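Note that the coordinates shown come from a computational prediction; the quantities given were computed from them, not determined experimentally.
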Amino acid sequence: MLAGSVGDFPCVQPHSSHCALRASALRCLALAPALCVRRAAIRNERRLYSRPNVRVHGLEHEGDIGARDPFEAELTSNFGDKVLGNSDTYHIIRGPPRLKELVGLATKRCVPCENGNATALSEPEANKLRGQTPGWRIIHDEGGNLVLQHEWKVNNFTAGLQLFARIGAIAEVEGHHPDLSLENWNQVSAKLMTHSVGGLTENDFILAAKINALELSDLLPKKKQRFWA
Ligand SMILES: C[C@H](O)[C@H](O)[C@H]1CNC2=NC(N)=NC(=O)C2=N1
C-alpha cells in the first residue's frame, strides 16, 4: 500500500472527490520542497538586483543613490578647486532639491553698499561662502584685498562676448558688477569684489551664485561628465 507514486494511495473514503483532493494535496506536499527552493532562488535574485549596489565613500549604503551634502572639511578646503585630473571639471554637490530655493545665495538680491553699512568679509567668512559657489576661487589682488574669480575657456571669441552679455545682464539687474576680461580669444575671466568696501561682501557671492545658475553649455566646449560621489 505504501509503494509507488502518490496516485497509488488507496482512498479511505467512498467519496471520489475527497480522494482526488487528498491525492492533489499529497502531490503538492511532495512538490513543496522543490517549489520552496525555486521561490527562494527567485526571491534572492530579486533581492540582488532590486537594490542598487552604490558605493559612497567606501561604504555600502543600500538604497542610497549617491548625492550627499558636502562635509565641512570639503567646504573649507575649497574641494572644488583641488579635484584631481581636469581641474575645471564641474563637481556639483547636490543638496536636497528644495535647499537652493529656500536658502541658496542665488535666491538673494544684492544690496546697495554705498552708505557704508557693508563691511568687508574676513577670509574665513569668505571661504565659508565660497563653498556655495563652485568654480569660483578666492585670490588676493595687488593690494592684498580678497577677490572672487572665475575663469572660463569658451568655444570662440564670439562666445566670449556672449558670456560677457549674459553676465552683464545679471550685473545690471543686481546693481553689482564684475571686472570682465577676454584674452587669447577664448579665455574669459570674471573678478568680483565690492569696490565701495575694498573687499568681498555677500553681494559678490550672490552675484557669483547667480552667474553659476546661468545656462552656458552652448558657449563652452563639451566636457566629460565626471561624478565623484
Ligand atoms: C551706484 C552704484 O550702485 C554703485 O556704484 C555700485 C555699482 N556696482 C558695483 N559693483 C561692485 N563690484 N562694487 C561696487 O561697489 C559697486 N557699486
Side-chain angles (χ1 to χ4, degrees), residues 70 75-83 86-93 100-101 103-221 223:
L75 283 178
T76 49
S77 69
N78 289 359
F79 177 84
D81 298 349
K82 299 171 190 154
V83 292
N86 184 348
S87 62
D88 63 354
T89 306
Y90 263 96
H91 289 263
I92 303 207
I93 298 170
K100 257 194 193 146
E101 293 151 42
V103 296
L105 282 172
T107 62
K108 296 189 167 184
R109 299 299 309 272
C110 293
V111 295
C113 40
E114 265 59 40
N115 46 14
N117 61 350
T119 52
L121 296 169
S122 67
E123 191 141 7
E125 288 166 333
N127 278 318
K128 196 157 176 56
L129 280 176
R130 200 220 59 81
Q132 296 178 47
T133 56
W136 293 79
R137 60 202 177 108
I138 293 175
I139 60 172
H140 293 79
D141 67 10
E142 54 284 347
N145 301 308
L146 298 181
V147 176
L148 195 55
Q149 182 185 32
H150 193 307
E151 292 171 318
W152 294 268
K153 180 181 177 189
V154 292
N155 288 327
N156 48 50
F157 191 75
T158 306
L161 296 177
Q162 285 176 297
L163 180 52
F164 273 31
R166 294 183 198 179
I167 292 173
I170 295 178
E172 280 300 280
V173 167
E174 295 299 325
H176 197 74
H177 305 83
D179 298 342
L180 297 174
S181 70
L182 171 48
E183 298 174 33
N184 306 329
W185 66 274
N186 69 350
Q187 303 285 338
V188 172
S189 163
K191 286 182 180 175
L192 278 165
M193 77 178 300
T194 304
H195 299 291
S196 53
V197 164
L200 287 177
T201 64
E202 191 185 42
N203 278 355
D204 300 302
F205 291 93
I206 291 169
L207 195 62
K210 290 177 184 285
I211 291 170
N212 275 359
L214 283 172
E215 173 49 58
L216 300 178
S217 58
D218 58 319
L219 305 179
L220 307 175
K223 77 173 64 148

Which side-chain N or O atoms in residues 161-180 pair as donor and acceptor under 3.5 Å with protein atoms at least two apart or in another chain?
residue : atom : partner : partner atom : Å
Arg166  : NH1  : Glu215  : O            : 2.9
Arg166  : NH1  : Asp218  : OD1          : 3.0
Arg166  : NH2  : Asp218  : OD2          : 2.6
Glu172  : OE2  : His177  : NE2          : 2.6
Glu174  : OE1  : Arg109  : NE           : 3.2
Glu174  : OE1  : Cys110  : N            : 2.8
Glu174  : OE2  : Arg109  : NE           : 2.8
Glu174  : OE2  : Arg109  : NH2          : 3.4
His176  : NE2  : Asp204  : OD1          : 2.7

Considering non-hydrogen atoms only, spot the tightest contact between [X] and [Y] and give its length.
X: Gly199; Y: Met193; value: N-CE, 3.6 Å
X: Pro221; Y: Asn155; value: N-OD1, 3.0 Å
X: Trp136; Y: Arg130; value: O-NH1, 2.6 Å
X: Cys113; Y: Thr194; value: SG-CG2, 3.3 Å
X: Gly160; Y: Val188; value: CA-CG2, 3.8 Å

Which distance, rounded to the nearest 0.5 Å, do you find between the [atom1] of [X] and the [atom2] of [Y]?
X: Leu105; Y: Thr107; atom1: CG; atom2: OG1; result: 7.5 Å
X: Asn186; Y: Leu220; atom1: CG; atom2: CG; result: 10.5 Å
X: Thr201; Y: Leu148; atom1: OG1; atom2: CG; result: 10.5 Å
X: Lys191; Y: Gln149; atom1: NZ; atom2: CD; result: 5.5 Å
X: Phe205; Y: Glu125; atom1: CZ; atom2: CD; result: 10.0 Å

[X] side-chain N/O to [Y] backbone N/O, donor-acceptor pair under 3.5 Å:
X: Lys210; Y: Ala106; value: yes
X: Lys108; Y: Asn203; value: no
X: Asn212; Y: Pro134; value: yes

With heavy-atom distances below 4.5 Å as the criterion, would you say the side chains of [X] and [Y] are in contact?
X: Glu151; Y: Glu183; answer: no
X: Leu192; Y: Val147; answer: no
X: Leu146; Y: His140; answer: yes

Report summary line: Across all chains, not counting sequence neighbours, the side chain to side chain contact (heavy atoms under 4.5 Å, CB included) partners of Thr119 are none
